[in-house]
Amino acid sequence: MGTSVSSKDRIRAKLKEGRTVVRVLLAHPMHTGRVKDALEELIPIEFIQDIRCWRNEIEVLSMKCGTGIARNPYFSFQLAAGVSGDAIRITWVDNKGAKGAAETVVK
Amino acid sequence: MTAEMEQKFNQNRRLLLKAGVSSVTLALAVSSGLLLPRKVIAHWPKEAFSAQTVEMALSALLGKTEPIYTGKEVQFKTALPPSYAVNGASVPVEIQSDLEQIERVIILVEKNPVPLIMSAELMEDVVMPFKTMIKIAEDSNVIAIVCADGKLYSTTRFVEVDIGGCG
């Protein structure tokens with residue numbers, strides 16, 4: 001997992017009106033490479049590029065991101081149908097090769 | 001399975017057997033997704049994320065400039081994004097659409113140094129709304145584009161920001 005900070009990533013999935021609502025919160029600074037730190041030095045660009053999501057081993061979503069996603073990326077979407085016990089899994093990779101993953105089971 | 005497909009399958013199976021591929025290797029290949037007829041996931045589109053205008057980002061991302069329909073098919077949720085945001089570093093955006101079989105969702109901020117925020121490829125199971133939080137550098141149009149059935153639909157909202165969110 002490299003320099004993974006996956007332990008801080010959060011994923012929630014619940015059934016609502018026959019659909020599965022998935023919410024994801026990732027722990028990442030999403031540096032644009034244009035911001036200076038306290039010493040007036042540019043903070044190097046560091047951002048999540050790729051986020052992928054699976055439901056029970058079937059890939060449902062593949063997101064390509066730029067630096068314009070806010071710090072600690074949040075996103076939510078819905079999946080048609082779904083049952084209690086479905087496994088929802090996400091993985092991410094940033095521009096430096098750091099990786100993270102999070103998994104949950106639909107309640 | 002039609003007779004033709006079955007025949008083809010058997011042929012493939014025979015070829016695999018002929019090539020001396022063990023069932024274990026095959027099982028590994030299947031589980032790793034190598035043999036699944038799934039949509040090919042492209043690499044991170046560097047050119048699209050380097051583009052400095054919405055037009056250039058879209059042509060780099062989609063390969064060609066297609067007509068984009070602006071109607072009621074795709075909409076932002078009320079106040080997501082808000083028309084006025086105090087802090088541009090984190091602005092919520094929620095995209096709603098009743099279109100079926102949505103293949104792709106794209107978010108752009110016209111005046112950002114990098115207008116393309118994200119592009120998501122969706123498999124058929126994914127349905128709207130889609131929500132995320134974005135950065136907005138200065139007062140700008142925020143654009144959402146949805147691709148469904150090979151057609152592009154968009155919606156735009158102008159967002160004023162007090163504190164720019166891109167540094």
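Excluded from the calculations below are hydrogen atoms, water molecules and symmetry mates; all remaining heavy atoms, backbone and side chain alike, are included. All figures in this text were calculated on a predicted structure; none of them were measured in a lab. A, B, ... follow the sequence lines: proteins, then strands. Residue 1 opens every chain.
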Student: What's the separation between atom NZ in B:K131 and atom CZ in A:R23, rounded to the nearest 0.5 Å?
Tutor: 9.0 Å
Student: Can you tell which part of B:V126 gets under 4.5 Å to a heavy atom of chain A, answering side chain, backbone, both or neither?
Tutor: both
Student: Just verifying a value: how many Å separate A:C65 SG and B:I107 CD1, rounded to the nearest 0.5 Å?
Tutor: 9.0 Å
Student: For the hydrophobic clusters of this structure (ILVMFWY residues joined by side-chain heavy atoms under 4.5 Å, transitively), does one cluster hold both A:Y74 and A:I51?
Tutor: no
Student: Less than 4.5 Å apart, side chain to side chain, heavy atoms only: is that true for B:P113 and A:R34?
Tutor: yes
Student: How far apart are the closest heavy atoms of B:M118 and A:M63, and which atoms are they?
Tutor: SD-CE, 3.4 Å
Student: Determine the interplanar angle of the A:F75 and B:F130 rings, folded into 0 to 90°, and report it as parallel if under 30°, tilted if 30 to 60°, perpendicular if over 60°.
Tutor: parallel
Student: Counting heavy-atom pairs under 4.5 Å to chain B, which of A:A80, A:S76, A:A81, A:G82 comes out on top?
Tutor: A:S76
Student: Using side-chain contact (heavy atoms from CB on, under 4.5 Å), reason through B:T132 and A:I69 one step at a time and then give a plain yes or no.
Tutor: CA-CA 8 Å; B:T132 189; A:I69 294 286; 4.0 Å; yes
Student: Can you sort out the partners of B:D125 under salt bridge (charged side-chain N to carboxylate O under 4.0 Å, His left out), two or more places apart, ordered by chain and number?
Tutor: A:R55
Student: More than 12 heavy atoms of other residues, nucleotides or ligands under 6.0 Å from CZ of B:R104: yes or no?
Tutor: yes
Student: Around atom CG of A:N56, are there more than 12 heavy atoms of other residues, nucleotides or ligands at under 6.0 Å?
Tutor: yes
Student: Same cluster or not: B:L99 versus B:V127, using hydrophobic residues (I, L, V, M, F, W, Y) connected whenever any side-chain heavy atoms lie under 4.5 Å apart?
Tutor: no
Student: Look at the side chain of B:W44 and the backbone N and O of A:G66, then say whether any donor-acceptor pair between them is shorter than 3.5 Å.
Tutor: no
Student: Can you give me the closest heavy-atom contact between B:M128 and A:Q78, atom names plus distance?
Tutor: O-OE1, 3.9 Å
Student: State, yes or no, whether a side-chain contact exists between A:K64 and B:P45 at a heavy-atom distance under 4.5 Å.
Tutor: yes
Student: Mind listing the closest non-hydrogen atom pair of A:L61 and B:A120 along with its distance?
Tutor: CD1-CB, 4.3 Å
Student: Would you mind reporting whether A:M30 and B:K135 have side-chain heavy atoms less than 4.5 Å apart?
Tutor: yes
Student: Does a sphere of radius 6.0 Å around OH in B:Y69 hold more than 12 heavy atoms from other residues, nucleotides or ligands, not counting ones at 6.0 Å or beyond?
Tutor: no
Student: When you look at CD of A:E103, are more than 12 heavy atoms from neighbouring residues, nucleotides or ligands closer to it than 6.0 Å?
Tutor: yes
Student: Can you tell me how far the CD atom of B:E124 sits from the CG atom of A:L79, to the nearest 0.5 Å?
Tutor: 12.0 Å
Student: Name the member of A:C53, A:A70, A:G33 that forms the most heavy-atom pairs with chain B at distances under 4.5 Å.
Tutor: A:A70
Student: State plainly whether one hydrophobic cluster holds both B:I136 and B:V54, where clusters connect Ile, Leu, Val, Met, Phe, Trp and Tyr through side-chain heavy atoms under 4.5 angstrom apart.
Tutor: yes
